[in-house]
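In what follows, a structure is listed as structure tokens, so that the remarks can point back to it.
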Amino acid sequence: IHLSTFCRAVHGLSFTRQKLQQYAVNRDEHMARVWREKFAARGWKAHQILAVDETSKDMRMMRRSMGYAIRGSPPVGRSGLEPRGERISSLCSFDVNGFVAWSHNDGTYNTDGFLEAAQKVIYEKITPYPGPRSIVLIDNAPIHRNYEFVRQCKMRGAIVLFTTPYCWDQMPLDNSAFGRIKDWIRE
């Protein structure tokens, strides 16, 4: 069978090639929905949010990002444990105007490295609530959920809001900014 014949047959069955959506196996959809509803109900303004997250470059960055699905439905893949290879990590903060600050690290951030980078990337950039960048939105990674980090943010008058575990789509950095940078690196 020729490739073009196969492609026509797949297209005739209403399958289209689209951006693949990756969801972690441990994701809890109910918990994610409840988190989004509570977030929306608080009435916070966009200028109050300082989104903070890490990104890294390793061999997993090269995994498939496109897939096929029936027209009108997004293709979905499941990610598992894959070898990482050499890794370079960045901790970044982002607000409605773009990147605010960042710090780079060879390897992966541990708690001490995160707290050290947080001084430049987070603590120096936040303001007391309800001011701009007064709500620190950060994922639920174990290195973030430590007493010292929360204490430092609260000492400066900020609110710390953790996303639901394994829900990358609740973080603006994972949703758009980091994805665009990774696409550029892949090219």
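Fair warning: this is a prediction, and the values are worked out from it, not measured in the lab.
By the ring pair (Phe, Tyr, Trp, His ring centres under 6.0 Å) test, Phe149 pairs with Phe114, sequence neighbours left out. Residues passing the side chain to side chain donor-acceptor pair (under 3.5 Å) test with Ser134, sequence neighbours excluded: none. Asp95 meets the side chain to side chain donor-acceptor pair (under 3.5 Å) test with Arg133; sequence neighbours excluded.
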Counting only pairs under 3.5 Å, give me each side-chain donor-acceptor contact of residues 118-129, with atom names and distances, residues two or more places apart or in other chains.
{"from": "Lys120", "atom 1": "NZ", "to": "Trp102", "atom 2": "O", "distance (Å)": "3.0"}
{"from": "Thr127", "atom 1": "OG1", "to": "Pro132", "atom 2": "O", "distance (Å)": "2.3"}
{"from": "Tyr129", "atom 1": "OH", "to": "Trp44", "atom 2": "NE1", "distance (Å)": "3.4"}

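Of all heavy-atom pairs between Cys153 and Val136, the closest is SG-CG2, 4.2 Å.
Taking CD1 of Ile135 as the start and CG of Leu161 as the end, the distance is 7.5 Å to the nearest 0.5 Å. Note that CD of Gln48 and CD1 of Ile159 are 7.5 Å apart. Values are rounded to the nearest 0.5 Å. The CG atom of Asn110 sits 7.0 Å away from the CD1 atom of Ile143 when rounded to the nearest 0.5 Å.
Note on residues 34-43: no pairs pass side chain to side chain donor-acceptor pair (under 3.5 Å), not counting sequence neighbours. Residue pairs meeting the side chain to side chain donor-acceptor pair (under 3.5 Å) criterion with at least one member in residues 140-154, sequence neighbours excluded, are Glu54-His144, Asp139-His144, Asn140-Arg145, Glu148-Arg151, Glu148-Gln152, Gln152-Arg156.
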For this session: Given side chain to side chain contact (heavy atoms under 4.5 Å, CB included), test Phe39 with Ile49 step by step and report yes or no.
Result: CA-CA 12 Å; Phe39 184 87; Ile49 305 293; 4.0 Å; yes

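A distance-only check finds no donor-acceptor pair linking the side chain of Ser103 to the backbone of Leu91 [under 3.5 Å].
The side-chain contact (heavy atoms from CB on, under 4.5 Å) test with Val52 singles out one residue from Val100, Ile138, Val160, Leu137, and that residue is Ile138.
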